[in-house]
Amino acid sequence: MARPPSGKGAPEAGSATSEDDKRIWGRVTATVTPPAQRKAARVTPGAVLPSAVLPAAETEPVAPPLVRGVAGKKRTAALTPASAGRSTTPASLPRAPEAARPPIAPRAQPAPEELEPGRKRRLTRERDPIEARIDLHGFGRFEAEDQLRGFLIGCQMRGLRSVLVITGQGRRGGGIIRASVHEWLTGPHLRGVVSGFAPAHRRHGGDGALYVTLKGR
């Protein structure tokens, strides 16, 4: 088969095989389908693209946040490019630590006082009964203090109100227990126990003994 010459594509007339070439060329061109031409879409700069070509997330409407005005009414805040992607809710500020409250100091107990004359007189005549007594003869100083403290605390827990403490006068009136008993009765360990004390009457030991009254529980 002869190759078609360049130019318009059809064989030149007057050649020896022009009729055969025309017939063959017609058969070839009948089997060829020319491609369809497409026109390019024009896009104007700054134009909004249709929603069909945008992602789904970009086409969803975003409601502007609500901000309370001065009078308490709600108004819509305009979103700016700087604030778009940033929350309009103010971040919670850290709370200032509260001032530590000073510990409540326990109420100071008043020191024991001298017995009232009327109360001492009633104890002397036993109109107010002496409900218990302790004799500290024969104890050393520290042992006598422990014995006295335990005795008085135990009497208060039992609800007793008047007791007799026998100290003894010691040699020549200078006994160590007699000299220390006032310090023990007014000390911090017995402030909440002893309400008052006074020297006993001679019938109850005189200068070698004490009437001691106790506080209520």
Side-chain angles (χ1 to χ4, degrees), residues 66-74 87-217:
L66 297 178
V67 180
R68 291 190 177 274
V70 178
K73 298 182 180 180
K74 296 183 178 179
S87 174
T88 57
T89 303
S92 58
L93 299 177
R95 298 180 59 184
E98 297 182 0
R101 296 182 179 180
I104 300 176
R107 187 175 60 179
Q109 296 287 345
E113 299 177 355
E114 186 77 15
L115 285 184
E116 298 177 359
R119 182 71 183 277
K120 181 179 179 180
R121 186 165 50 251
R122 290 194 301 269
L123 288 171
T124 300
R125 300 175 181 178
E126 297 186 5
R127 292 181 180 177
D128 289 347
I130 297 175
E131 300 169 294
R133 63 186 65 201
I134 183 174
D135 190 348
L136 299 178
H137 278 101
F139 292 108
R141 184 183 186 280
F142 298 105
E143 189 178 4
E145 181 181 4
D146 293 339
Q147 290 289 331
L148 176 63
R149 186 185 305 170
F151 168 75
L152 296 177
I153 294 176
C155 289
Q156 184 192 41
M157 294 180 64
R158 290 161 53 192
L160 307 184
R161 303 303 299 270
S162 303
V163 298
L164 182 67
V165 177
I166 301 173
T167 62
Q169 296 184 8
R171 295 181 179 179
R172 299 180 182 178
I176 187 65
I177 297 176
R178 181 188 177 199
S180 304
V181 69
H182 286 73
E183 177 185 353
W184 300 341
L185 293 175
T186 57
H189 298 290
L190 295 177
R191 282 285 181 90
V193 179
V194 177
S195 62
F197 56 91
H201 190 268
R202 286 180 298 178
R203 62 187 300 183
H204 292 133
D207 293 338
L210 293 172
Y211 299 129
V212 179
T213 57
L214 306 178
K215 297 179 179 179
R217 295 181 59 184

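Computation of the quantities below employed the complete heavy-atom set of this structure, encompassing side-chain atoms and omitting hydrogens, waters and symmetry-equivalent molecules.
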Grab the two heavy atoms, one from Ala132 and one from Leu160, that are nearest each other, plus how far apart they are. CB-CD1, 3.9 Å
Side-chain contact, heavy-atom cut-off 4.5 Å: Cys155 with Arg133? no
Close side-chain approach of Arg161 and Asp128, heavy atoms under 4.5 Å: no
Using a 4.5 Å cut-off on heavy atoms from C-beta on, say whether the side chain of Phe151 contacts that of Val163. yes
Main-chain N/O of Ser195 paired with Thr213 side-chain donor or acceptor, under 3.5 Å: no
Could you walk me through whether His189 and Ile153 pass the side-chain contact (heavy atoms from CB on, under 4.5 Å) test, one step at a time? CA-CA 10 Å; His189 298 290; Ile153 294 176; over 6 Å; no
Close side-chain approach of His201 and Tyr211, heavy atoms under 4.5 Å: yes
Looking at Ile177, is its backbone amide N or carbonyl O close enough to the side chain of Arg141 to form a donor-acceptor pair, meaning the two atoms are under 3.5 Å apart? no
Considering all heavy atoms, the nearest Gly168-His137 contact: CA-NE2, 3.3 Å
Less than 4.5 Å apart, any side-chain heavy atom of Leu123 and any of Leu115? yes
Enclosure of Glu114 CD (heavy-atom neighbours >12, cutoff 6.0 Å): yes
Is there side-chain contact between Phe197 and Thr186, with heavy atoms separated by less than 4.5 Å? yes
Other residues, nucleotides and ligands only: do more than 12 of their heavy atoms fall within 6.0 Å of CZ on Arg203? yes
Provide the closest heavy-atom pair for Ala198 versus Lys120 in the form atom of the first, atom of the second, distance. CB-CD, 4.1 Å
Do you know the tightest heavy-atom contact between Arg178 and His182? O-ND1, 4.3 Å
Could you walk me through whether Arg119 and Ser162 pass the side chain to side chain donor-acceptor pair (under 3.5 Å) check? CA-CA 10 Å; Arg119 182 71 183 277; Ser162 303; 2.9 Å; yes
Could you grab the distance from atom CD1 of Ile176 to atom CG of Leu136, nearest 0.5 Å is fine? 13.0 Å
Hey, does Glu126 have a side-chain heavy atom less than 4.5 Å from the side chain of His204? yes
Close side-chain approach of Leu185 to Val193, heavy-atom, < 4.5 Å: no
Greater than 12 external heavy atoms within 6.0 Å of Glu131's CD: yes
